[in-house]
2 protein chains.
Amino acid sequence: MVTIYDIAQKANVSAMTVSKVINNTGRISEETRRKVKKVMEELNYIPNSNARSLVLQQTQILSLLITDITNPFYTSLARGAEDGAKQYGYRLLFGNSDEDYAKEKDYVDMILSTRVDGVLFAPAGDLSLKNLEKLRAHNIPFVIMDRAVPGIESDMICGDSKEGARKLVDYLIGLGHRRIALVNGSLDVSTARLRYEGYAEALALQGIPLDETLIIHQNYRDYHADDHLEQLLEQPSPPTAIFAANNVLAVGVIRDLRDRGIRVPEDISVVCFDDLDLSSALDPFLTVAAQPAYQFGAMGIQLLVERIRGSSVPDSRKVILPSELVIRSSAKPI
Amino acid sequence: MVTIYDIAQKANVSAMTVSKVINNTGRISEETRRKVKKVMEELNYIPNSNARSLVLQQTQILSLLITDITNPFYTSLARGAEDGAKQYGYRLLFGNSDEDYAKEKDYVDMILSTRVDGVLFAPAGDLSLKNLEKLRAHNIPFVIMDRAVPGIESDMICGDSKEGARKLVDYLIGLGHRRIALVNGSLDVSTARLRYEGYAEALALQGIPLDETLIIHQNYRDYHADDHLEQLLEQPSPPTAIFAANNVLAVGVIRDLRDRGIRVPEDISVVCFDDLDLSSALDPFLTVAAQPAYQFGAMGIQLLVERIRGSSVPDSRKVILPSELVIRSSAKPI
DNA sequence: TATTTTAAAGTTACCGATAACTCATTATAC
DNA sequence: GTATAATGAGTTATCGGTAACTTTAAAATA
């Protein structure tokens with residue numbers, strides 16, 4: 001590989017002069033600059049960013065850690081983060097924790113040893129605390145996305161889980177539903193707790209008693225609630241509507257229902273958090289509380305870069321991005 | 001940040017000894033090893049991989065360059081690549097070219113200056129030649145995925161575009177269709193050319209004349225064929241079926257058709273390349289030639305790592321992963 | 001003409017690791 | 001008891017850049 005020393009030699013200048021030309025620092029005569037640039041082109045010089053990072057103590061790399069790359073929500077978020085990173089001149093080191101704390105820890109170690117300048121972090125759940133504390137202990141700036149982690153104060157971009165859940169359940173109640181089931185994520189994830197709260201609150205406001213037998217807890221990422229769903233449906237008084245806490249769960253639920261010959265929405269209504277993008281474009285079916293996923297990523301990067309560059313940024317900034325109730329056809333009046 | 005020198009000092013040994021303990025090289029007494037390890041834990045030492053890369057001349061980073069992160073095909077591929085990278089102990093530097101040669105070039109420059117050990121490269125199209133030649137000029141091993149680039153010989157993982165297209169069109173012909181339109185990607189992309197060939201061949205085999213007025217060319221990533229579709233449908237003898245060259249195009253086409261009140265498959269049948277994952281799980285509607293996207297990524301990494309590590313790997317290995325015809329309900333007999 | 005200023009370039013040390021070699025000890029062989 | 005080998009650890013140079021300072025020579029000023 002060509003180094004500044006090769007350039008220096010061929011251009012008959014010192015390595016420092018080459019460095020100055022590259023970075024546009026110091027005083028360089030127009031003639032020398034041209035000469036050096038010419039040699040750089042001739043030799044196809046590409047700066048070694050490892051060497052640069054070593055001395056500058058910064059890498060111009062940001063890390064994006066998400067929990068499910070096959071979920072369109074995170075995909076759009078990644079797209080936003082990518083565009084943002086590019087705009088600010090950072091590279092993006094990418095990680096996918098699969099909602100798995102151990103995998104997440106591995107990525108944190110990678111991130112640390114890469115000496116990235118900052119991390120955009122979508123935590124797997126409450127137990128991400130340790131991993132986040134590790135980043136903090138090493139003074140790596142981070143912005144938490146999507147899910148709050150009790151015990152960690154930091155910049156944060158979240159959705160309105162509680163509010164969005166309320167809106168969805170309100171909508172179902174408005175359609176006349178009273179027996180509304182909740183297929184929720186794991187309770188060690190903040191959004192699952194908040195969506196539960198929103199669900200409970202919406203019911204309470206309408207004087208509908210909360211029935212714990214109508215609630216299933218699942219993993220946000222891989223749905224396998226078949227048995228629980230069975231129980232749900234074979235109750236004496238089965239639900240007429242289901243609120244799934246995210247898109248993946250909704251798809252799983254609907255598939256299971258159809259496997260049983262139960263039609264949506266004719267026999268049972270289904271709504272959920274997060275949209276399905278391509279799927280919704282193909283067939284505007286699922287009624288959802290859609291979150292502005294791209295914004296999550298783009299704004300996340302913005303906050304992160306401000307935090308990295310800016311000294312005078314307020315302590316822990318919280319941004320709440322509202323979700324939008326998109327009414328389609330997966331829920332109907334009772 | 002803690003360095004090996006801090007460890008060395010506190011443990012009363014030389015930095016070299018610490019390095020040897022970290023890498024398990026050289027001769028170290030059990031006692032010293034324990035002492036050093038203890039100090040490393042106490043000080044929360046994390047190795048600086050930039051420094052390491054500089055001297056070792058390798059980064060343990062692979063780069064994944066795809067063309068559309070919102071397309072489920074590439075998403076699954078990324079998932080496979082990620083798992084593969086992790087398995088082999090590499091980090092993944094992620095790039096998304098958006099089918100844009102300029103963006104692709106920027107990423108190639110990033111990749112080069114990061115001194116990644118190898119690149120998994122899904123080219124935007126034929127004009128990616130320059131970018132690939134640049135990688136080659138700098139001796140960065142790469143594996144091309146999904147699309148061949150004329151002028152470049154390298155390890156490659158592709159689908160069976162021609163064969164898959166033939167199968168899809170055969171299927172349509174079998175249903176009685178004779179007027180079959182093709183909504184294709186841009187012709188500077190190899191898969192678009194091959195899918196066109198497969199389409200033409202299937203027609204020819206059945207003695208159906210090729211009608212160029214039934215063919216629309218689009219960008220694989222953002223569909224906006226409204227005007228062309230209009231012309232297509234207002235022909236004296238409009239198509240009874242449409243073969244879309246990928247999933248994104250299919251979704252666009254179907255949306256446009258529905259906007260016009262044309263029903264799929266009642267009024268017109270639609271099939272395409274690549275599946276829609278979540279969408280198909282939600283509603284098994286679209287009849288597709290599904291490619292094993294995850295395999296693309298996983299095998300890609302495998303070939304790449306073999307290329308990096310192995311000296312005795314044959315020159316340009318081509319892997320063709322077959323697609324599977326998944327018959328659902330978006331096409332019906334005429 | 002002597003002195004100061006300024007522009008342009010070069011020197012040196014360092015970022016944090018590792019390779020290759022050297023240097024003490026201690027153990028083993030003759 | 002001396003020569004040799006084996007063990008455990010340390011020295012030095014280097015990877016490819018950049019910061020901070022120094023040097024050189026020409027231009028400006030007195």
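Below, read A as the first sequence line, B as the second, and so on, with proteins coming before strands; counting in each chain starts at 1.
- Side-chain contact, A/Y90 with A/T59: no donor N or O sits under 3.5 Å from an acceptor N or O.
- The phosphate of D/dT18 has neither OP1 nor OP2 within less than 4.0 Å of any side-chain N or O from A/Y5.
- As rounded to whole Å, 6 Å separates atom C1' of C/dG16 from atom CD1 of B/I4.
- Judged by distance alone, the side chain of A/S128 and the main-chain N or O of A/N131 form no donor-acceptor pair under 3.5 Å.
- Between the side chains of B/N23 and B/R52, at least one donor N or O sits under 3.5 Å from an acceptor N or O.
- In terms of position along DNA chain C, the nucleotide closest to A/T32 lies nearer the 5' end than the nucleotide closest to the other residue of the pair B/Y45 and A/T32.
- Between B/D126 and B/Y101, the side chains place no donor N or O within less than 3.5 Å of an acceptor N or O (distance only, hydrogens not considered).
- Counting only heavy atoms from C-beta on, B/V13 has its side chain closest to D/dG10 among C/dT18, D/dG10, C/dG10.
- The phosphate of D/dT14 has neither OP1 nor OP2 within less than 4.0 Å of any side-chain N or O from B/Q57.
- One donor-acceptor pair, N or O on each side, does fall under 3.5 Å between the base of D/dG10 and the side chain of B/K20.
- The side chain of A/A51 lies closest to D/dG16, out of D/dT18, D/dG16, C/dT18.
- Contact check, A/N48 against D/dC15: no side-chain N or O comes under 4.0 Å of OP1 or OP2.
- Counting non-hydrogen atoms under 4.0 angstrom, B/I22 reaches nothing in the nucleic acid.
- A/M16 places its CE atom 12 Å from the P atom of D/dG17, with the value rounded to the nearest Å.
- Counting non-hydrogen atoms under 4.0 angstrom, B/R52 reaches the backbone sugars and phosphates but no base.
- When the side-chain nitrogen and oxygen atoms of B/T17 are compared with OP1 and OP2 of D/dA9, none of them lie within a distance under 4.0 Å.
- Contact annotation for A/V18: no contact, since no heavy-atom pair falls under 4.0 Å across all strands.
- Separation of the A/Y74 and A/F296 ring centroids does not fall under the 6.0 Å cut-off.
- Regarding A/K35, its NZ atom lies at a distance of 10 Å from the C1' atom of C/dA9, rounded to whole Å.
- Under the 3.5 Å distance criterion, with hydrogens and angles disregarded, no donor-acceptor pair is assigned to the side chains of A/T70 and A/R221.
- Heavy atoms of B/I28 sit under 4.0 angstrom from primed sugar atoms or phosphate atoms, though from no base atom.
- Contact annotation: B/T3 does not reach the phosphate of C/dG16 (side-chain N/O to OP1 or OP2, under 4.0 Å).
- Among the atoms of the strands shown, none is found under 4.0 Å from any heavy atom of A/N50.
- Rounded to a whole Å, the CD atom of A/Q58 is 12 Å from the P atom of D/dT18.
- Between B/R27 and D/dT7, a side-chain N or O to OP1/OP2 separation shorter than 4.0 Å is present.
- With rounding to whole Å, A/Q60 atom CD is found 12 Å from D/dT18 atom P.
- Side-chain N/O atoms of B/S19 include one lying less than 4.0 angstrom from OP1 or OP2 on C/dT18.
- Distance B/L54 CG to D/dA13 P: 18 Å, rounded to the nearest Å.
- Remark: A/S29 is in phosphate contact with C/dA9, judged by side-chain N or O atoms under 4.0 Å from OP1 or OP2.
- To the nearest angstrom, P of D/dG16 lies 14 Å from CD of A/Q9.
- Residue contacts for A/L56: at a heavy-atom cut-off of 4.0 Å it reaches the sugar-phosphate backbone alone, with no base atom in range.
- B/R33 has its CZ atom 13 Å from the C1' atom of D/dT7, to the nearest Å.
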